[in-house]
Amino acid sequence: MLKIKSFEFSPIQENTYILYNEFNDCAIIDPGCYYDNEKDELLHYIKQMDLKPKMLLNTHCHLDHVFGNKFISEKFGLTLHIHENEKPVLDFAPASGLMYNLPFDNYTGEFIFLTDNEMIKLGEDELKVILTPGHSPGSLSFYCERDKFVISGDALFLRSIGRTDLPLGDHDTLIKSIRERLFSLPGETKVYSGHGPETTIGNEKAENPFF
C-alpha cells in the first residue's frame with residue numbers, strides 16, 4: 001500500500017508529494033522546494049521516515065513544479081521522469097523564473113521519457129501513467145488503481161481546472177483530457193492536485209463548475 005505525504009512549497013504554494021511503500025522505497029513527485037528551509041524540510045522527512053528515494057517524477061514542467069529537480073536529482077542520484085512533450089516547457093522554466101523574480105538552477109541531467117498508459121513500479125506498487133495535456137503539452141497524471149488515488153498535477157483541482165493561458169496551454173484539450181481520462185476513473189478515486197486540497201473524481205464530476 002502506498003502512503004502519501006504532501007508539502008506546500010515556494011511562494012506559488014505548489015504541492016510536492018512523496019509516495020512511499022512498506023519497504024520505505026519512495027518516489028518524489030514535483031519537488032517544488034525553492035528556499036533552503038524547504039529543501040531541509042523535505043530532506044528531514046525523508047531521513048526521519050528512513051525513506052529510500054527511487055524515482056523523481058514530474059507531472060509537468062512549469063517552474064513551480066521543477067524548482068527542486070536538480071537538488072533532488074543530485075542528492076539522491078535520480079534521473080528525471082517526464083513526458084517528452086514537456087522538455088520545451090522545462091527548458092523555458094528558468095526564463096519563466098526570472099519573469100517571476102524566482103531564479104533557480106534547472107535540471108540538466110538525462111531523462112526517462114514516460115508514455116501514455118505505461119505502468120511504473122515502486123517495489124510491488126504500480127502507478128499508471130495517464131497523459132492529460134491542456135495545462136501544458138505533456139502533462140501527466142499518476143494513477144494507483146489499488147489504492148484509489150491519482151496525482152493530477154495542474155490538470156484538475158477542487159472545483160477548478162488548470163489555467164490554459166500559459167504558453168502551449170489549450171483549454172479545449174484540457175477539458176477533453178479531464179472528461180475522457182480523469183472522469184473515467186472510479187468516483188471514489190482521491191485526487192491529489194498540484195495546488196490546494198485533495199478532492200475526489202466523483203465530487204468533481206458532480207460539482208466542478210467547468211463541467
Side-chain angles (χ1 to χ4, degrees), residues 2 4-10 12-20 26-34 38-39 42 46 53-97 100 102 104-122 127-144 149-157 162-164 166-169 174 177 181-182 191-196:
L2 288 174
I4 302 173
K5 171 66 177 178
S6 66
F7 304 83
E8 186 179 83
F9 286 148
S10 88
I12 307 178
Q13 298 178 302
E14 178 267 355
N15 291 333
T16 293
Y17 293 101
I18 296 180
L19 308 185
Y20 62 98
C26 76
I28 300 167
I29 302 179
D30 291 353
C33 41
Y34 184 77
E38 294 175 338
K39 296 175 183 176
L42 193 63
I46 290 170
K54 300 292 186 181
M55 283 192 294
L56 171 59
L57 308 173
N58 281 167
T59 60
H60 66 293
C61 294
H62 287 147
L63 79 163
D64 50 324
H65 293 255
V66 306
F67 283 141
N69 275 348
K70 185 174 189 290
F71 170 73
I72 292 298
S73 172
E74 293 180 351
K75 185 72 177 178
F76 298 108
L78 300 177
T79 300
L80 179 62
H81 294 60
I82 62 172
H83 191 276
E84 191 170 10
N85 290 350
E86 282 300 292
K87 181 64 166 54
V89 182
L90 181 65
D91 291 341
F92 181 71
S96 182
Y100 284 91
L102 292 168
F104 72 100
D105 291 330
N106 203 16
Y107 176 86
T108 56
E110 299 296 317
F111 295 92
I112 296 174
F113 291 122
L114 299 172
T115 57
D116 189 28
N117 294 318
E118 180 178 348
M119 303 299 293
I120 54 178
K121 299 192 73 171
L122 184 64
L127 295 171
K128 182 179 181 178
V129 177
I130 303 175
L131 182 60
T132 48
H135 176 66
S136 67
S139 289
L140 300 173
S141 296
F142 300 109
Y143 173 52
C144 182
F149 70 82
V150 63
I151 310 289
S152 69
D154 286 3
L156 181 64
F157 302 114
R163 59 187 294 187
T164 54
L166 298 171
L168 305 179
L174 179 58
S177 292
R181 305 307 305 276
L182 295 179
V191 179
Y192 294 95
S193 304
H195 303 270

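For the numbers below, each heavy atom of this structure counts, side chains included, while hydrogens, waters and symmetry mates do not. Residue numbers run from 1 in the order of the sequence given.
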**Asked** Is there a side-chain contact (heavy atoms from CB on, under 4.5 Å) between F149 and L2 once you walk through the steps?
**Response** CA-CA 10 Å; F149 70 82; L2 288 174; 4.0 Å; yes
**Request:** Please step through side-chain contact (heavy atoms from CB on, under 4.5 Å) for the pair F104 and V66, ending with a clear verdict.
**Result:** CA-CA 9 Å; F104 72 100; V66 306; 3.9 Å; yes
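You'll find the side chain of I29 stays beyond 4.5 Å of the side chain of T16, heavy atoms only. With a 4.5 Å cut-off on side-chain heavy atoms, N85 and L168 do not count as touching. With contacts defined as side-chain heavy-atom distances shorter than 4.5 Å, the pair I28/I46 qualifies. Residues N58 and P31 have side chains in contact (heavy-atom distance under 4.5 Å, counting atoms from C-beta outward). Taking 4.5 Å as the limit, every side-chain heavy atom of F142 sits out of range of all side-chain heavy atoms of V150. Residues D154 and E14 fail the side-chain proximity criterion, which asks for heavy atoms closer than 4.5 Å. Between C144 and L127, the closest side-chain pair of non-hydrogen atoms falls below 4.5 Å. Taking the side chain as every heavy atom from C-beta outward, L57 and I120 approach each other to under 4.5 Å.
Looking at S139, S177, S141 one by one, the single match for side chain to side chain donor-acceptor pair (under 3.5 Å) with T132 turns out to be S141.
In the displayed structure, F113 atom CZ is contacted under 6.0 Å by more than 12 heavy atoms of other residues, nucleotides or ligands.
Remark: Y107 engages no residue in a side chain to side chain donor-acceptor pair (under 3.5 Å) (not counting sequence neighbours). Among residues two or more places apart in sequence or in another chain, the salt bridge (charged side-chain N to carboxylate O under 4.0 Å, His left out) test is passed with K54 by none. For P88, there are no side-chain contact (heavy atoms from CB on, under 4.5 Å) partners at least two apart in sequence or on another chain. For D116, the salt bridge (charged side-chain N to carboxylate O under 4.0 Å, His left out) partners are R181, not counting sequence neighbours. Applying the side chain to side chain donor-acceptor pair (under 3.5 Å) test to D91 and every residue at least two apart in sequence or in another chain returns K87. Looking at residues two or more places apart in sequence or on another chain, you find no salt bridge (charged side-chain N to carboxylate O under 4.0 Å, His left out) involving K75. Annotation: salt bridge (charged side-chain N to carboxylate O under 4.0 Å, His left out) contacts of E84 (sequence neighbours excluded): none. Residues that satisfy the side chain to side chain donor-acceptor pair (under 3.5 Å) test with T115, not counting sequence neighbours, are E118. In terms of the ring pair (Phe, Tyr, Trp, His ring centres under 6.0 Å) criterion, Y143 has no residue partners (sequence neighbours excluded). With sequence neighbours excluded, no residue forms a side chain to side chain donor-acceptor pair (under 3.5 Å) with K39. Judged as a ring pair (Phe, Tyr, Trp, His ring centres under 6.0 Å), and not counting sequence neighbours, the contacts of H60 are H62, H65, H135.
Between the side chains of S10 and E38, not a single donor N or O lies within less than 3.5 Å of an accepting N or O. Looking only at atom types and distance, the side chain of E8 has no donor-acceptor partner in the side chain of S6 under 3.5 Å away.
Between I82 and C61, the closest heavy-atom pair is CG2-SG, 3.8 Å. Here the closest non-hydrogen pair linking L78 and P53 is CD2-O, 3.7 Å. In terms of heavy-atom proximity, L182 sits nearest to A155 at CD1-CB, 4.3 Å.
Side chain of N106 to main chain of L90: a donor-acceptor pair is present (N/O by atom type, distance under 3.5 Å, no hydrogens or angles). Using modelled atom types, one side-chain atom of H81 and one backbone atom of T79 make a donor-acceptor pair closer than 3.5 Å. In terms of modelled atom types and a separation under 3.5 Å, the side chain of T59 and the main chain of S152 share no donor-acceptor contact. Checked by atom type and distance alone, the side chain of Y17 never pairs as donor or acceptor with a backbone atom of G194 at under 3.5 Å.
Pairs of residues two or more places apart, or lying in two chains, that qualify as salt bridge (charged side-chain N to carboxylate O under 4.0 Å, His left out) and include a residue from residues 61-73 are K70-E74.
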